[in-house]
Amino acid sequence: MPRHETDCRYFANGYCSKGNTCTFTHDVATRNENICHFNLVGKCSYGRACRFLHTRPRNDELPSCSTPQTSQNQQNLQNSGQRVRPKQLPELKFNAQAAEFVPRWKMPQRGPVTSYAGAAASADHGESSSSFQSSHEQAQLMMCPYHQKSGDCNRQDMDCPFAHGNYCDMCQQWSLHPYNAELRKKHENECVANHTTEMERAFLLQKTEQKTCGICMENIFEKNLRFGILNGCQHCFCLDCIRQWRSKDQENVELATKTVRSCPECRQHSDYVIPSLFWVESGQEKDLLIEMYKENTKRKICKYYSNERSRGACPFGNKCFYKHQLPDGSIDPGEAPSSRRRPRLVDFLFDDNSDSDEETFRRFQEEHEEEQEELLRFVAETLPEADEESELFRQITEVLRHYQISGHRRGFQ
Amino acid sequence: MSNIAFNRLQRECKEVVTNSEISETGIMIEILNENLTEIKGHIRGPPDTPYAGGMFDLDIKIPDQYPFSPPNVKFSTKIWHPNVSSQTGVICLDILKDQWAASLTLRTVLLSIQALMCTPEPKDPQDAVVAKQYMEKPAVFKATAEYWTTKFAKGAVKNAGYQALVDKLKDMGVREEEAVSVLSCNNWDINRSTVYIFS
């Protein structure tokens, strides 16, 4: 006798080893009559002992979602007032009874029409014969993938709904459409374009393969290194070597910046190095590479702009290859690098020769009064100790005094 | 030494050894230690120069940063040349200093030194005495350089006059090398040399 209301899940799946002694409900309606998949393909090793059903679903049962038997069961259950199984069950049953997959071309032939489009058209009995016509035409515009690859399709030319093309010399496939001139032309153009790019690639590779780095003398391609292409000349180095050569922090103090910024072979000056996977000699290719490189760097944020402190201190100004992005996302236009030089003392002092305008002078004085006083105080404080540079300090004080006096004089006028 | 330097030096040595340049240009190298940090170079004196027929040895020391910094090259054979110190053998050559380029190899360096032996640069001298002699008394310079080549680099040109002067100083108890050096510096004036040595 069942002691639990719950359904036995083993029974529901087809077999419960406890049989009648099971304490869970053995409800036939819950039974998910699974059909043995292995038996369907004829390979069930359990034979008669298999707990799944060794039956083949009949063909006419297949298409409908719920078999008459199950709907009958359901009705019975509803009538007897018992709990109704969740609705998934019939679907599960359908899944279990799914027919064995048979490729379309292996199916026994039913009449002259074999394509899906044809079958659909015949089922509709000519109602959509025009749509059949158009879908048939559409199919004819597509190339049969089997024939295209090997020139061999299991079905005869007349039988296959797809077009069996002519042989294309370029791609060595049966890809030329038998009668559509437009498609033929399109394919030929594609093939020529492919061929050109492949040729270019092959040339590039051939050039690349033989190149050795002028510094480490290794074959760059074999070592899987990148090329460092100089913008000024056509000598070949690997990226690591040329970068190390150009880097200022190499432990070599003897070599001047001018020397290391030039090509180690021809001493031609180069402003920058372009990393590249392939060797690019000169001309249009190189221009393109440089352009691509600049476009790439433009997407990256300049290291001077990546942190708060150094922002705006990029020595390349608006000529920098990298992105000068401010924290709010806008781009800093920057100034030209030539105008950025080290600030000089003159920049901070008032030059009364060049600027004699009273108004400007007064405004300047007001603005800088504090700074100026501070500077004077600083000079006065430092002066007694500063032995080595006392000459400099003397000059500064003189200039400042002069400025102050002349400033006051003018101010009182 | 970095890996790149070692690999490169191996290639360079191979290049010099296999290139049959010994017969053509008279350049040879000899590896002194396994790390390839010390190498001995040999240069045959170029023909039509006072150094013709001589075989000059060079000490080459490879720094850690090679090839990003130049090798340290100096003559171990004494040589009378405006751009080489007659005392220490230090060479004044721009490519061994600030004009070094990473693409230069042992072969090109030795060839450059050989070229320097052909065409001295007295305006940028290493040894001022030699340079002065080269410019003011070319004949004496040539004879002295030839004598040095014979004396120290197995040259074939004999100069009996100079040898007699050297022997004279040797008899006074002066070492041969010093005698040659002092006499050369004093344009083979035995009196001035004696004064120089004994004052």
Side-chain angles (χ1 to χ4, degrees), chain A residues 209-275 279 281-282, chain B residues 1-19 21 27 29 31 35-37 39 60-74 83 90-113 115 124 126:
Chain A
E209 272 173 348
Q210 298 157 354
K211 286 287 169 187
T212 50
C213 169
I215 295 175
C216 64
M217 295 181 176
E218 304 273 9
N219 186 312
I220 301 174
F221 191 73
E222 275 174 21
K223 285 270 163 184
N224 231 344
L225 299 168
R226 279 190 293 171
F227 288 88
I229 291 168
L230 295 170
N231 72 325
C233 67
Q234 294 158 19
H235 290 106
C236 172
F237 306 100
C238 59
L239 188 64
D240 295 346
C241 285
I242 193 71
R243 279 204 173 146
Q244 197 179 342
W245 169 250
R246 290 169 71 90
S247 67
K248 263 187 177 170
D249 44 80
Q250 59 167 306
E251 292 167 41
N252 197 339
V253 280
E254 283 174 48
L255 300 177
T257 315
K258 202 184 153 199
T259 312
V260 297
R261 289 287 187 272
S262 55
C263 167
E265 303 233 13
C266 65
R267 301 194 191 280
Q268 176 74 42
H269 179 84
S270 283
D271 290 315
Y272 47 92
V273 183
I274 309 136
W279 171 242
E281 189 103 20
S282 58
Chain B
M1 192 194 294
S2 65
N3 198 24
I4 156 172
F6 186 77
N7 286 348
R8 195 184 125 136
L9 278 168
Q10 272 186 325
R11 279 166 196 272
E12 284 184 36
C13 294
K14 220 168 158 187
E15 180 194 35
V16 176
V17 173
T18 56
N19 232 347
E21 271 173 322
I27 284 170
I29 56 167
I31 296 156
N35 296 336
L36 299 174
T37 49
I39 293 168
I60 304 169
K61 285 202 178 76
I62 306 290
D64 283 347
Q65 299 90 32
Y66 186 82
F68 298 103
S69 53
N72 198 339
V73 185
K74 64 174 201 171
N83 303 106
V90 171
I91 306 167
C92 175
L93 185 58
D94 56 353
I95 60 156
L96 293 176
K97 289 171 185 145
D98 55 335
Q99 288 298 304
W100 169 253
S103 291
L104 294 170
T105 63
L106 291 180
R107 185 178 72 93
T108 49
V109 164
L110 292 179
L111 281 173
S112 301
I113 293 171
D124 182 20
Q126 176 73 30

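Letters A, B, ... mirror the listed sequences (proteins, then strands); counts begin at 1.
- A:E265 approaches B:S103 most closely through the heavy-atom pair CG-OG, 3.0 Å.
- The shortest heavy-atom contact between A:R267 and B:I95 is NH2-CG2, 4.0 Å.
- Neither the backbone nor the side chain of A:C213 comes within contact range of chain B; no heavy atom of the residue lies under 4.5 Å from a heavy atom of that chain.
- Taking all atoms of both residues into account, the shortest heavy-atom contact from A:W245 to B:W100 is CH2-O, 3.2 Å.
- None of B:T105, B:N7, B:L9 except one satisfies the side chain to side chain contact (heavy atoms under 4.5 Å, CB included) rule with A:M217; the exception is B:T105.
- Residue A:T259 comes nearest to B:Q99 through the heavy atom pair OG1-NE2, 4.1 Å, listed as atom of the first residue, atom of the second, then distance.
- Here the side chains of B:F68 and A:S247 are not in contact, with every heavy-atom distance at 4.5 Å or above.
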